[in-house]
Protein chains: 2
Amino acid sequence: MRPTMKDVASAAGVALKTVSRVVNGEPGVNPTTAERVRAAIDALGYSRNESARVLRQGRTATVGLVIEDISDPFYSGLGRAVEQVAIAHGCLLLSGSSGENPERERELVRTFCARRVDGLIVVPAGDDHSYLRPELDAGTPAVFVDRPPGPEIDVDTVLCDNAGGARLAVAHLRRAGHRRIAFLGDSPSIFTAAERLKGYRAALGGLFDPALVSMRAPDLAGTGADLEHMLGLPDPPTAVFTGNGRLTVTTLRTLRGRPLALVGFDDFELADLLTPGVTVVAQDPAGLGRVASELLFRRLAGDRGPAQHLQLPVRLIARGSGEQSPSDS
Amino acid sequence: MRPTMKDVASAAGVALKTVSRVVNGEPGVNPTTAERVRAAIDALGYSRNESARVLRQGRTATVGLVIEDISDPFYSGLGRAVEQVAIAHGCLLLSGSSGENPERERELVRTFCARRVDGLIVVPAGDDHSYLRPELDAGTPAVFVDRPPGPEIDVDTVLCDNAGGARLAVAHLRRAGHRRIAFLGDSPSIFTAAERLKGYRAALGGLFDPALVSMRAPDLAGTGADLEHMLGLPDPPTAVFTGNGRLTVTTLRTLRGRPLALVGFDDFELADLLTPGVTVVAQDPAGLGRVASELLFRRLAGDRGPAQHLQLPVRLIARGSGEQSPSDS
DNA sequence: TTGAAAGCGCTAACAC
DNA sequence: GTGTTAGCGCTTTCAA
C-alpha cells in the first residue's frame with residue numbers, strides 16, 4: 001500500500017542504499033542524484049517506516065511516561081515539561097495514565113518496553129517494581145518521579161520535600177494561633193500522602209489528635225463527610241491542612257465560604273482569586289518533569305553513575321486563608 | 001542484549017514458531033509444550049519486540065493525537081477521553097502538543113505516520129492540510145476535532161457549536177440589560193475564535209462596536225491592557241464575553257473583583273467558587289474526545305462511509321457573573 | 001502438533 | 001559516489 005524505499009529507488013532510478021543515504025542525510029551523495037531522489041519521495045508521498053529502522057538500529061527515539069491521570073493539572077504540567085525535554089532531544093513521548101492502579105502501571109510499562117522505548121519516567125501507582133528488573137538489566141533506564149520505587153530496584157528518583165512542606169504548612173497555621181489543625185489527606189498507601197502525614201504529625205507534636213485526620217481517595221462524599229464530622233466535634237478544628245490540590249478543592253467546595261483557616265499542599269490556578277486567597281505549599285510539577293527527564297537523558301547519553309535521589313524544594317505562598325486566626329472561625 | 005524469540009525457543013527446546021504461537025495465544029499447541037515455553041519466557045524476562053511484529057503485520061495498534069497543549073485543562077480532558085477509548089480498543093495513544101504552531105503540527109503528524117499509527121485525531125493549528133493527502137490515501141484515517149481541516153481534505157470532524165454558544169452568551173447578557181458588551185477573544189486565525197466572534201456579532205446586531213473587540217493570543221499583558229483601555233472609553237462596556245477558558249481567567253485576574261458582568265466560553269474548575277460564580281457557556285472536552293475517537297475506531301473497523309461532520313451542543317451555566325445588571329458596574 | 005523457510009522495510013558493512 | 005548483500009525479530013506460508 002504505502003511506498004517503500006525500494007519504490008522510491010526504482011522511481012528515481014537509483015539503488016535502495018542511495019535513497020537511504022538521502023533520507024538520512026548521509027554525506028557522499030551527488031547533489032543532482034539527491035535532488036532526483038527527493039523528487040521521487042515527494043511524488044510518491046514516501047515516509048520512512050520507523051518500525052523497520054528501529055528493528056535494524058535498536059533505538060526508537062521514544063520515551064515512555066507513566067502518570068496517574070493526564071487530566072489532573074499536576075500531572076499534565078509534569079507531562080508537558082517531559083514532552084518538551086523529549087522534543088529537545090529529538091524524542092517522541094509515549095504516555096499513559098495508570099489511574100492509581102498498580103496493575104495498569106505494570107501493563108503500561110510492559111507495553112512501552114515492548115515498543116522498546118529508550119527510557120522510562122514513572123510516577124508509580126504500586127510499590128512492587130520487581131517487574132522492572134528485566135527491563136533495567138536490558139539497559140532501559142528508568143527515572144521515578146513524585147514517588148519512589150519499591151525496594152526491589154534502585155533507580156534515579158526525583159521527589160519533592162513532602163514532609164518538609166507539610167511541616168511548613170502546619171507551622172504556618174500554628175503561628176496564626178491554631179492548635180486544632182485537621183489533616184485531610186489522600187489514601188495512606190500513597191507515598192506522598194504518608195510523607196505529608198509524617199510532616200503534619202511532626203509539626204504538631206503533642207497537639208496531634210487522630211480524630212482530626214482523614215486519609216482516603218479524594219471524593220466529595222467521603223472527604224467532605226469526614227470534614228463535616230470533625231466540624232461537629234466538641235472541640236472542632238479551627239484550621240485544616242489539605243494534602244493535595246484535589247483535596248483542597250474538595251474542601252473548599254465542602255466549606256462553601258464557611259470560615260476555616262486553610263493551607264493546601266499544591267498550588268492551583270485561581271487560588272489567588274478566591275475569597276480569601278488560598279494559602280498553599282507549592283511544588284513545581286513542571287520542575288519535577290524537567291529534572292526527571294534531564295536525568296533520564298543523561299542516562300541515555302551514557303551516564304552510568306550511581307542512582308541519584310533528588311529532592312526539589314517547596315515554598316509556602318501566603319494568600320489569606322492560612323493567616324486567619326482561630327477566632328475567625 | 002534482550003532475549004529474542006529464538007533465545008526462548010532454544011531455552012525451551014522448541015522451534016521459533018512454537019514460541020510465536022504461545023506468545024500470540026494461537027491454538028494447536030500442546031499444553032505441556034506451552035507451559036515449557038512460558039517458563040522459558042519468564043526465566044529470560046522475554047518481551048516481544050513490537051517493531052518486528054509491526055514490520056511484519058502492518059498494524060501498530062497505536063493512535064496519534066495532536067493537540068495544542070496538554071497542560072491546558074481543555075485539551076488534557078479531551079486527551080484523557082481519547083486515551084480511554086483507545087485503551088478500550090487495545091490501542092496505545094501517541095500524543096503531542098503543537099503549541100498552536102502549524103509547522104509543529106505537521107511534524108507531529110509526520111512523526112506519527114512514520115511510526116505508522118493506525119489512525120489520527122487532530123486539533124489542527126494550521127489551515128493547510130494537503131500534507132495529509134498521502135497518509136489518507138495510504139489508508140490512515142484522520143478525525144479532526146475542535147477545529148475543521150483546511151479545504152484540501154474532507155475527513156470526519158467533531159466540533160462544538162461555537163457560534164451558537166456565543167449567541168447564547170451574548171443573548172444572556174442582553175437579557176440582563178446590557179448593551180455595551182465587549183468580546184475578548186483568541187487570535188482571529190483560530191477557527192473557534194472566529195466562529196465565536198461571528199456568534200457574538202450576530203447576537204449583538206446593531207449594538208456591535210469594533211472598539212469593544214479584542215482578539216489576540218491570550219496573555220495577561222495584551223488582553224488585560226485591551227480590557228483596561230475599553231473600560232476607560234467614554235462609553236465603556238458594562239459586560240464582557242470572553243472567548244475561551246484561558247481568556248476568562250486572564251480577565252478575572254485583570255478585573256480583580258471590579259464589578260463587570262461576565263460570561264465566559266468554556267467551563268473551568270472553581271468557576272462556581274469564585275465571587276460571584278462565573279457564568280459560562282460550557283462545552284464538553286471529554287465528549288469531544290470520546291466522540292472523535294469513537295468515530296476513528298469505527299473507521300478502523302472498516303467503515304468507508306462519507307465523511308461525517310458532527311457538532312456537539314453547548315450549554316449555558318448561570319452562576320452569578322452573567323446575571324449582574326448594567327447598573328452594578 | 002510442530003517446524004523450516006521466506007520476507008516485512010530498513011541500515012550496516014563492505015564491495016565497486 | 002554508488003550498489004550489493006546480509007540480517008534486525010517477528011509472522012506467514014507451507015511442509016512434515
Side-chain angles (χ1 to χ4, degrees), chain A residues 1-38 40-41 44-62 111 113-118 134 138-140, chain B residues 1-38 40-41 44-62 111 113-118 134 138-140:
Chain A
M1 190 98 209
R2 278 172 183 278
T4 72
M5 264 193 187
K6 209 167 138 192
D7 298 328
V8 175
S10 44
V14 296
L16 189 62
K17 179 66 216 189
T18 302
V19 179
S20 173
R21 279 196 254 264
V22 172
V23 168
N24 294 295
E26 283 172 34
V29 179
N30 186 308
T32 323
T33 318
E35 204 34 69
R36 204 146 36 93
V37 170
R38 264 188 289 272
I41 287 175
L44 296 176
Y46 169 80
S47 91
R48 176 173 63 185
N49 184 326
E50 286 297 302
S51 297
R53 184 196 56 78
V54 166
L55 183 57
R56 193 62 243 244
Q57 297 193 315
R59 275 230 152 178
T60 54
T62 58
T111 305
C113 288
R115 308 233 174 223
R116 298 293 185 264
V117 292
D118 296 332
T140 306
Chain B
M1 189 97 208
R2 279 173 183 276
T4 72
M5 264 194 187
K6 210 167 136 193
D7 299 327
V8 175
S10 44
V14 297
L16 188 62
K17 177 66 222 190
T18 303
V19 180
S20 173
R21 278 195 256 263
V22 172
V23 168
N24 294 296
E26 283 171 33
V29 179
N30 185 309
T32 323
T33 318
E35 203 35 68
R36 205 146 35 92
V37 170
R38 263 188 290 272
I41 287 176
L44 295 177
Y46 169 79
S47 91
R48 177 173 61 187
N49 184 325
E50 287 296 302
S51 298
R53 184 194 56 77
V54 165
L55 181 57
R56 196 60 242 249
Q57 299 195 133
R59 275 228 153 179
T60 54
T62 57
T111 306
C113 289
R115 306 230 175 225
R116 297 295 186 263
V117 292
D118 296 332
T140 306

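If you're wondering where the values come from, they're calculated on a predicted model, not measured in any experiment. The basis for the numbers below is simple: all heavy atoms, side chains too, and nothing from hydrogens, waters or symmetry mates. Below, read A as the first sequence line, B as the second, and so on, with proteins coming before strands; counting in each chain starts at 1.
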Interatomic distance where CZ belongs to B:Arg59 and P belongs to D:dT11 [whole Å]: 16 Å
Can you tell me if A:Gln57 touches the phosphate of C:dC10, counting only side-chain N or O atoms and a distance under 4.0 Å to OP1 or OP2? no
A:Asn30 vs B:Asn24, nearer the 5' end of DNA chain D by closest nucleotide: A:Asn30
Taking all non-hydrogen atoms of both residues into account, name the closest pair between A:Ala114 and B:Ser47 and its distance. CA-OG, 4.1 Å
Within the 4.0 Å heavy-atom criterion, would you say B:Ala52 contacts the bases, only the backbone, or no part of the nucleic acid? base
OP1, OP2 of D:dC10 versus side-chain N and O of B:Ser20: anything below 4.0 Å? no
Could you tell me the separation between the CG atom of A:Asn49 and the P atom of C:dG9, rounded to a whole number of Å? 7 Å
Looking only at heavy atoms, what is the nearest atom pair of B:Ala15 and B:Ala9, with distance? C-CB, 3.8 Å
Atom-pair distance (CG on B:Leu16; P on D:dT12), nearest Å: 13 Å
Before giving the answer on side chain to side chain contact (heavy atoms under 4.5 Å, CB included), spell out for A:Asn49 and B:Leu55 the whole-Å C-alpha distance, their side-chain angles and the decisive distance to 0.1 Å. CA-CA 8 Å; A:Asn49 184 326; B:Leu55 181 57; 4.3 Å; yes
DNA chain C nearest-nucleotide lookup for B:Thr33 and B:Leu55: closer to the 5′ end is B:Thr33
Counting distance only, does the side-chain N/O of A:Arg53 pair as donor-acceptor with the main-chain N or O of A:Arg59 below 3.5 Å? yes
For atom CZ of A:Arg53 and atom C1' of C:dC10, their distance in whole Å: 10 Å
Is any side-chain heavy atom of A:Thr62 less than 4.5 Å from a side-chain heavy atom of B:Arg115? yes
Under a cut-off of 3.5 Å for both distances of each Watson-Crick or G-U pair, what dot-bracket string does DNA chain D give, using [ ] for crossing pairs and | for inter-strand pairs? ||||||||||||||||
Hey, is the main chain of B:Cys113 close enough, under 3.5 Å, to the side chain of B:Arg116 for a donor-acceptor pair? yes
Counting heavy atoms from C-beta on, name the nucleotide in D:dT2, D:dC10, C:dC10 closest to the side chain of A:Tyr46. C:dC10
Separation of B:Glu26 atom CD from D:dC10 atom P, in whole Å? 14 Å
Tell me the interatomic distance from B:Arg36, atom CZ, to C:dT2, atom C1', rounded to whole angstroms. 11 Å
Which nucleotide, C:dG9, D:dT12, D:dT2, lies nearest any side-chain atom of A:Thr4? C:dG9
Indicate, with a heavy-atom threshold strictly under 4.0 Å, whether A:Val14 touches base, sugar-phosphate, or nothing. sugar-phosphate
What is the distance, to the nearest angstrom, from the NZ atom on A:Lys6 to the C1' atom on D:dT4? 14 Å
Between OG1 of B:Thr140 and CE of A:Met1, what distance do you get to the nearest 0.5 Å? 9.0 Å
What's the CE-C1' distance between A:Met5 and C:dT11, to the nearest Å? 8 Å
A:Arg56 side chain: which of D:dG7, C:dT2, C:dG9 is closest? D:dG7
On a plain distance test, is the side chain of B:Arg21 in donor-acceptor contact with the base of C:dG3 below 3.5 Å? yes
Under 3.5 Å donor-acceptor pairs involving side-chain atoms of residues 16-25 of chain A, not counting sequence neighbours:
residue, atom, partner, partner atom, Å
A:Ser20, OG, A:Asn24, ND2, 3.3
A:Asn24, OD1, A:Arg48, NH1, 2.5
A:Asn24, ND2, A:Ser20, O, 2.7

Taking only side-chain N and O atoms of B:Thr18, does any of them lie within less than 4.0 angstrom of OP1 or OP2 on C:dG3? yes
Looking at every strand, decide which applies to B:Ser51 at a 4.0 Å heavy-atom threshold: base, sugar-phosphate, or nothing. nothing
